[in-house]
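Just below is one structure, and these are the notes that go with it.
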Amino acid sequence: MVGFKVDEIMVGTHRFVSGKGTEGEQPLHFSITWGNKNLLEFLNPFSDEFLFSRVRGFITVKGLVDRADCEGSLHLMYFNGRKIRYELDFTADDGKAYRYVGEKTNIWPWNIYRTHRTCYGTVTPVSSGDRISDSVVYFPYREAIGFVLSARLCTGELFEG
């Protein structure tokens, strides 16, 4: 079974919802590796794994956590929603589990340069699901060559350990 992996970086800012943390914009960024251990299932429109990837990496949500391990999923929903959805679970400095959900939306062939670059997200505690932060992060253009060159085929498990 042959799969693939790609490295991606997103950087931007977030703002805590009123009364949930420090006021004003704070940095939010993540560095992830995403992919699927079975390339044929990933590309098969009749598969449950169609355009679905597992994710691992690091996330920083200033005021909540600095460089926490994260894992989750990335779903390329080109045909059922014209969006890309990230779901990243992490544990913050307060020891609680949180989830970042971000979406790149309104994807059309003529605006890919913009829509594949901009991701709107929220952070919620896993226990309650209450929104505590809103964010906008961007794929830095300077990372485009590194992103393309990071694509690689793999066999076996996607992530070690």
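Here the side chains of Glu87 and Val101 are in contact, with some heavy-atom distance below 4.5 Å. Considering only heavy atoms from C-beta on, Lys5 comes within 4.5 Å of Leu158 through its side chain. Side-chain atoms of Cys154 and Val2, non-hydrogen and from C-beta on, never get closer than 4.5 Å to each other. Residues Val11 and Pro140 have side chains in contact (heavy-atom distance under 4.5 Å, counting atoms from C-beta outward). Using a 4.5 Å cut-off on side-chain heavy atoms (C-beta onward), Tyr98 and Thr91 make no contact.
The side-chain tip of Arg67 points at the ring of Phe58 from less than 6.0 angstrom away and within 45° of straight on. Remark: Arg99 fails to qualify as a cation-pi partner of Phe90 under the 6.0 Å distance and 45° angle criteria applied to the six-membered ring.
Atoms CG and CZ, on Asn106 and Arg82 in that order, are 5.5 Å from each other to the nearest 0.5 Å. To the nearest 0.5 Å, atom CG of residue Leu51 and atom CG of residue Leu43 are 7.0 Å apart. The line from OG of Ser150 to CD1 of Ile145 is 12.5 Å long, rounded to the nearest 0.5 Å. Rounding to the nearest 0.5 Å places CD of Glu71 at 5.0 Å from CZ of Arg56.
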Dump the intermediate steps for side chain to side chain contact (heavy atoms under 4.5 Å, CB included) on Phe147 and Val6, then the final yes or no.
-> CA-CA 7 Å; Phe147 174 76; Val6 179; 3.1 Å; yes
Kindly determine whether Leu74 and Ile84 satisfy side chain to side chain contact (heavy atoms under 4.5 Å, CB included), including the steps that lead there.
-> CA-CA 7 Å; Leu74 180 144; Ile84 299 171; 4.1 Å; yes
Stepwise, does the side chain to side chain contact (heavy atoms under 4.5 Å, CB included) test hold for Met10 with His29?
-> CA-CA 6 Å; Met10 298 291 287; His29 54 89; over 6 Å; no
List the steps and the verdict of side chain to side chain contact (heavy atoms under 4.5 Å, CB included) for Tyr100 and Val61.
-> CA-CA 9 Å; Tyr100 167 84; Val61 182; over 6 Å; no
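Around CZ of Arg131, the count of heavy atoms belonging to other residues, nucleotides or ligands within 6.0 Å does not exceed 12.
Ring geometry for Phe16 versus His14: interplanar angle over 60°, hence perpendicular rather than tilted (30 to 60°). Phe79 and Phe50 have parallel rings, their planes meeting at less than 30° on a 0 to 90° scale where 60° marks the start of perpendicular.
Following chains of ILVMFWY side-chain contacts shorter than 4.5 Å, one cannot reach Val123 starting from Tyr138, and the two form parts of different hydrophobic clusters. Taking hydrophobic clusters as Ile, Leu, Val, Met, Phe, Trp and Tyr residues chained together by side-chain heavy-atom distances below 4.5 Å, Val148 shares a cluster with Leu153. Phe52 and Met77 are not part of a single hydrophobic cluster, where members link through side-chain heavy atoms under 4.5 Å apart. Both Ile107 and Trp34 are members of a single hydrophobic cluster when ILVMFWY side chains are connected at heavy-atom separations under 4.5 Å. Under the 4.5 Å side-chain contact rule for hydrophobic residues, Val126 and Phe30 do not share a cluster.
Applying the salt bridge (charged side-chain N to carboxylate O under 4.0 Å, His left out) rule to Arg54 yields the partners Glu49; only residues at least two apart in sequence or on another chain are considered. For Phe42, the ring-ring contact (aromatic ring centres under 6.0 Å, His included) partners are Phe4, not counting sequence neighbours. In this structure, Tyr120 has no ring-ring contact (aromatic ring centres under 6.0 Å, His included) partners at least two apart in sequence or on a different chain.
The backbone N or O of Gly129 sits nowhere less than 3.5 Å from a side-chain atom of Thr124 that would complete a donor-acceptor pair. No donor-acceptor pair under 3.5 Å is formed between the side chain of Arg114 and the backbone N or O of Ile112. Side-chain atoms of Thr118 never come within 3.5 Å of backbone atoms of Thr115 as a donor-acceptor pair (strictly under, hydrogens ignored). A donor-acceptor distance shorter than 3.5 angstrom exists from the side chain of Ser128 to the backbone of Asp130, with no hydrogens or angles considered.
Asp7 and Thr33 form a side-chain donor-acceptor contact under 3.5 Å, judged by distance and modelled atom types alone. A donor-acceptor pair shorter than 3.5 Å can be found between the side chains of Tyr86 and Glu8.
Minimum interatomic distance between Asp94 and Lys96 (heavy atoms only, all atoms of both residues): OD1-N, 2.9 Å. Among all heavy-atom pairs drawn from Ser73 and Val55, the shortest one is C-CG2, 3.5 Å.
Among Leu39, Asn38, Leu40, the one residue that satisfies the side-chain contact (heavy atoms from CB on, under 4.5 Å) test with Asn36 is Asn38. With Leu28 as the fixed residue, the side-chain contact (heavy atoms from CB on, under 4.5 Å) test singles out one of Thr13, Leu64, Val137, Asp134: Val137.
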